[in-house]
Each structure stands twice: as structure tokens, then as C-alpha cells.
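As the structure lists them, so they are numbered: ligands from 1, and atoms in each ligand from 1. Here the structure is a predicted model, which is why all the values come from computation and not from measurement.
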Amino acid sequence: MPATIIVGAQWGDEGKGKATDLLADTTDLVVRYQGGNNAGHTVIVGDEVFKLHLIPSGILYPHVTPVIGDGVVIDPKVMLEEFDGLEARGLDPFSRVKISGNAHLIMPYHRELDLLIERRLGKAKLGTTKRGIGPAYADKASRVGLRFQDLFDEKIFRQKLDAVLVHKNEQLAKIYNRLPMSADEIAEEYLGYAERLRASLCDTTDLIHTSLDAGRHIILEGAQGTLLDLDHGTYPFVTSSNPVAGGALTGAGLGPRHVDRVIAITKAYVTRVGAGPFPTELHDEVAERMTAAGGEYGTTTGRRRRVGWFDAVLARYANRVNGFTDVFLTKLDVLSEFETLKVAVGYRYQGETYRHFPPHQSIFHHAEPVYETLPGWGTDISEVTSYDDLPAEAKAYVETVEEHAEAPVTWVSVGPKRSQTLVRRDVPLVPGS
Ligand code: GDP
Ligand code: IMO
Ligand code: MG
């Protein structure tokens with residue numbers, strides 16, 4: 001049975017955790033394919049709130065095997081904290097989570113360099129999550145990274161660490177005037193983590209393909225979002241991996257033939273954490289209300305998210321670079337707050353109008369949104385349980401999103417809980433289920 005990709009269509013925090021958790025009900029494996037603990041995915045089950053950073057959102061169903069794929073970067077210290085936290089809440093991540101030996105490790109010098117590079121950039125900083133993500137992916141591309149499998153071979157781990165640490169310490173001392181790091185201390189710390197994570201090491205390529213061959217269903221859970229993609233996002237204000245659907249293939253070890261569904265997760269408005277261009281960003285009283293109603297504070301860093309109206313240009317672009325089969329529209333309830341709603345349908349720059357994502361960053365940086373105005377519905381929709389019962393204006397808004405995103409909105413989310421989801425068309429994720 002083919003796999004399903006769940007991908008963020010904006011700048012992250014679209015509600016991928018909620019969507020993945022909801023859809024994982026009918027799946028066997030949930031695979032994280034890129035990113036690291038820069039992600040923060042919130043899942044609410046009953047009265048319990050789970051904030052997952054590295055562990056795939058499928059962990060909350062006993063029948064799901066959560067998998068960390070080749071394309072992820074792992075900070076083992078953070079991973080163990082997350083494992084311990086979930087174990088204390090009655091789950092068993094130590095025996096259930098399977099981790100690819102090819103996933104790269106975030107090392108202490110990656111975290112340190114992330115901080116130092118940002119500090120040196122001053123006003124031009126990206127506003128990273130400071131988790132060492134960029135430096136870890138840079139080392140992977142430079143072929144000097146350490147991988148999860150290296151934790152289980154002390155000799156190789158030491159050889160690789162000694163070789164790379166010479167350069168890292170030079171960088172730390174000579175460029176940033178910091179004290180060098182000790183290979184002995186890092187090795188002792190990391191090999192200690194290895195003891196606790198041994199049961200998780202897995203040939204995930206084999207696990208994934210054996211499952212597909214047996215007719216099982218797989219969800220590939222993205223972190224971040226399309227506009228944060230290293231190649232297709234708003235570079236350089238991006239993360240260092242490929243959240244787009246193509247990244248799911250390389251990050252999990254699949255080919256295009258193995259996937260038949262790409263579900264876009266998008267908010268009914270837009271948010272962004274960290275620096276970078278954002279054409280529909282709001283700074284007025286509307287922004288205050290949107291932030292408050294949406295609870296727009298980061299799951300990982302607690303930073304206030306920037307907010308703005310829905311941007312159809314970005315939705316169209318995201319569909320082009322991902323190939324959506326469906327849209328999962330989240331946080332529609334937050335817009336109940338407003339009397340009128342705006343949707344950016346194009347940009348204006350130096351007398352030209354752009355309907356599609358502009359080819360040059362300067363255009364995007366200075367783009368003036370061209371808005372269409374829609375009426376609000378002025379009533380709480382968070383308790384609505386059927387799409388048909390939504391106010392006509394809310395349905396019209398969903399249809400506008402659908403028209404611009406050029407893909408069917410199959411799910412409409414009206415609150416953070418599993419039950420607060422309206423299925424637009426009855427398209428079962430797994431045929432026959
Ligand atoms: P992710 O990173 O894409 O998984 O998203 P986050 O979990 O970082 O941020 C989404 C936030 O919105 C979380 O706090 C969710 O609980 C919450 N959320 C998800 N869907 C909805 C919705 O439809 N309505 C409301 N009000 N909150 C939602
Ligand atoms: P989820 O999976 C929102 C942003 C950071 C910064 C940029 C680069 O929860 O949607 P990094 O630490 O990755 O080098 O930071 O990317 N960023 C996110 N924004 N949601 C995320 O993850 C993010 N992960 C990274 O704020 O602007
Ligand atoms: Mg998040």
C-alpha cells in the first residue's frame with residue numbers, strides 16, 4: 001500500500017502534529033523524515049497535551065511504530081529527555097521508537113556554533129531555534145558528520161570525533177574566542193547515551209519497505225514547512241533541511257512510486273517564527289487579536305509568532321513544489337474573531353502584479369499583497385461537528401482557500417482536539433477502512 005506524506009504548506013506550526021496524530025489512527029508506521037528538535041508538534045489526546053520535538057506524532061497510538069528516518073538530525077541528549085518524559089507518562093518509547101543509523105547527530109559544538117553564528121550576524125540573524133540544526137546539516141553536507149550508527153562503535157566514533165574536533169576547536173578558539181571542547185568529555189557523554197538508545201537502532205529502510213510490501217500503510221511526517229525549505233523556501237531565512245514532499249522521499253528512503261498522497265497542512269491564516277520576509281504580516285490590533293485567539297507562541301522556543309492573513313500566492317506555490325492531493329485546513333476557529341477577512345491573491349511590486357511566487361527574493365521582500373475581502377461569520381465554530389453545519393461564510397472561506405490552493409480541502413480543523421475536525425469529503429485515508 002502506498003505511503004502518505006504530511007507536509008507543512010507555510011512557515012511551520014501549521015498543525016502537522018494534530019493532523020498526523022489524527023490520521024495515524026489508520027496507519028502502521030509514522031516516519032519523521034527531516035529536521036530535528038527545532039520542531040515542536042503539539043498533540044492533544046483527551047485532557048493530555050503532548051509537545052513532541054523528535055518523536056513522530058504516531059507514538060500516541062499503541063499500534064503505530066514511530067520511525068526516525070535517515071534525513072533527521074538527532075540530539076541524543078534531547079531525545080533521551082523526550083523518551084524519559086513520555087515514559088513517565090506511561091508510554092514506552094525505548095522499545096517502540098526505531099531510529100535510522102544514517103541519521104546524523106547534533107554534537108555540542110553544533111549547538112555552540114549555532115549560537116555564535118547567530119550572535120555574529122547581529123541584526124541580520126535568522127532567529128534560529130539555537131538547537132544546532134544548521135551546523136549539523138552543514139557537517140553532513142561536508143561529509144564530516146557523525147551518525148547515529150557511530151554511537152555503537154566506540155573506535156569509529158572516537159576516530160571521527162577526533163578528526164572533526166580539531167577543526168571545530170580551531171573555529172571556536174580562533175574565530176569566536178571560545179574555549180576548546182574536550183573529545184574525552186564528548187565521547188564519554190555520547191557513548192553513555194548509546195547504552196540507553198541501543199534498542200532503537202534499526203535498519204529503517206528495511207522496516208519501511210517490508211511494511212509497504214506487506215500492504216501496511218505509512219505516514220511520512222514532515223517538520224517545519226515549505227517556505228522554510230532549504231531549496232524552495234525564503235532563503236536564507238529557512239531551515240537547513242528539505243521539508244517539502246521531495247525531502248520525504250530522500251529522508252525516508254523511498255521513491256515517488258511509493259507515495260500516492262501528499263496532504264498539505266495549512267493554517268487558515270499565516271504565522272512565522274524568526275526573521276525573514278512575510279508579505280501579509282500584520283502589526284496592528286488585528287495582529288494582537290489573531291495572536292491571542294490562536295495562542296501563537298512557539299512550541300519549541302516559546303517565542304511569539306508573527307501573524308498575517310492567508311496568502312494564496314504561497315498556497316499555490318506550495319502546491320507546485322509539493323504536488324498536493326489534499327489540504328488539511330487548521331485553525332479556522334481562530335478567524336471567528338473577525339468581522340471581515342482578507343486573503344492575499346497576488347502581490348504588487350513596481351507596477352507589476354504577481355499571481356505566482358516571484359522568481360527573485362527582492363520582489364518577495366517588497367511585495368505588497370493584493371487582497372480579496374471576505375465576510376466573517378461572527379460566531380464560535382469550535383463546537384461544530386459536521387461541515388454542513390458551518391455558517392455559510394465559513395464554508396465560503398474554505399472554498400476560497402480550496403480554489404486558490406488548487407487542491408481539495410478534505411479536513412477542516414476547528415480546535416486543537418482530535419474531535420474538533422470536520423471531514424469535508426469522506427475520502428478514507430486507507431481504502432476500505
Ligand atoms: P506543528 O508544528 O505543525 O505540529 O504545529 P504546532 O503544534 O507547533 O502549532 C499548532 C498549534 O495549534 C498547537 O498548539 C495545536 O494544538 C493548535 N491547533 C492545531 N489545530 C488547531 C485548530 O484547528 N484550532 C486551534 N484553535 N488550535 C489548533
Ligand atoms: P515545526 O515542525 C516554525 C524556523 C526558525 C528560524 C528558521 C531556522 O514545529 O513546524 P533552525 O533552528 O531550523 O535553523 O531555524 O526556521 N523554524 C521553525 N519555525 N516551526 C518549526 O518547526 C520550525 N523549525 C525551525 O524559527 O526562523
Ligand atoms: Mg511547531
Side-chain angles (χ1 to χ4, degrees), residues 6-22 32-45 49-54 56-57 72-73 75 106 110-111 113-115 117-118 125-138 221-230 233-241 243 264-276 278 290 292-306 328-337 380-382 384 411-422:
I6 290 190
V7 61
Q10 298 164 325
W11 276 290
D13 301 327
E14 299 92 346
K16 298 175 294 292
K18 170 179 168 164
T20 305
D21 168 71
L22 191 87
R32 263 285 302 271
Y33 56 84
Q34 46 66 238
N37 58 303
N38 47 349
H41 296 184
T42 314
V43 178
I44 301 182
V45 183
V49 180
F50 295 87
K51 292 185 183 294
L52 303 166
H53 299 285
L54 267 160
S57 301
V72 175
V73 285
D75 187 329
I106 295 179
H110 293 140
R111 286 194 300 265
L113 285 167
D114 200 355
L115 287 176
I117 293 165
E118 281 281 273
K125 72 176 181 186
L126 306 185
T128 73
T129 59
K130 301 183 181 149
R131 300 298 192 265
I133 305 294
Y137 276 114
E221 178 187 10
Q224 291 80 51
T226 301
L227 276 308
L228 286 173
D229 186 276
L230 184 58
T234 48
Y235 190 89
F237 301 100
V238 294
T239 191
S240 298
S241 66
I265 316 302
T266 184
K267 274 181 193 171
Y269 50 98
V270 183
T271 65
R272 170 163 212 175
V273 202
F278 181 174
M290 210 178 256
E296 295 299 351
Y297 294 89
T299 310
T300 298
T301 57
R303 287 179 291 173
R304 183 181 170 147
R305 296 176 184 146
R306 300 156 64 194
F328 192 122
L329 183 67
T330 62
K331 297 195 131 175
L332 189 66
D333 54 303
V334 174
L335 296 184
S336 302
E337 179 68 25
D380 180 15
I381 56 169
S382 61
V384 171
W411 298 269
V412 178
S413 174
V414 293
K417 295 183 182 159
R418 283 178 182 169
S419 58
Q420 291 174 300
T421 315
L422 316 176

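Below 4.0 Å from some heavy atom of K18 lie the following atoms of ligand 1, by number and element: 20 (N). Here is the list of ligand 1 atoms found below 4.0 Å of a heavy atom in H41: 1 (P), 2 (O), 4 (O), 7 (O). Which parts of ligand 2 touch K16 is read off a 4.0 Å heavy-atom cut-off, strictly below it: atoms 1 (P), 2 (O), 10 (O). Near L126, meaning under 4.0 Å from any of its heavy atoms, are these atoms of ligand 2: 27 (O). Atom numbering of ligand 2 starts at 1 in the shown order; those under 4.0 Å from a heavy atom of D13 are 1 (P), 3 (C), 9 (O), 10 (O), 20 (N).
Nearest residue to atom 18 (N) of ligand 1 from K16, K331, K51 is K331 (criterion: closest heavy atom). When L228, T128, T301 are checked for heavy-atom proximity to atom 14 (O) of ligand 2, T128 turns out nearest.
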Would you sort out whether R305 and D13 count as a salt bridge (Lys or Arg N to Asp or Glu O under 4.0 Å), showing the intermediate values?
-> CA-CA 9 Å; R305 296 176 184 146; D13 301 327; 3.0 Å; yes
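Of the N and O atoms on the side chains of T271 and R304, not one donor lies less than 3.5 Å from an acceptor on the other residue.
Residue G40 places a heavy atom less than 4.0 Å from ligand 1. Not a single heavy atom of G12 sits under 4.0 Å from any atom of ligand 1. The closest approach between a heavy atom of Q224 and any atom of ligand 2 is below 4.0 Å. Under a 4.0 angstrom heavy-atom cut-off, R303 registers as being in contact with ligand 2. By the 4.0 Å heavy-atom criterion, G8 is excluded from the residues contacting ligand 2. At a 4.0 Å cut-off, at least one heavy atom of R305 sits close enough to ligand 1 to count as contact. Residue contact check for ligand 2: S240 places no non-hydrogen atom closer than 4.0 Å to it. Using a 4.0 Å cutoff on heavy atoms, T271 does not count as a contact of ligand 2.
Angle O(G40) to the Mg ion (ligand 3) to OD1(D13), rounded to 10°: 160°.
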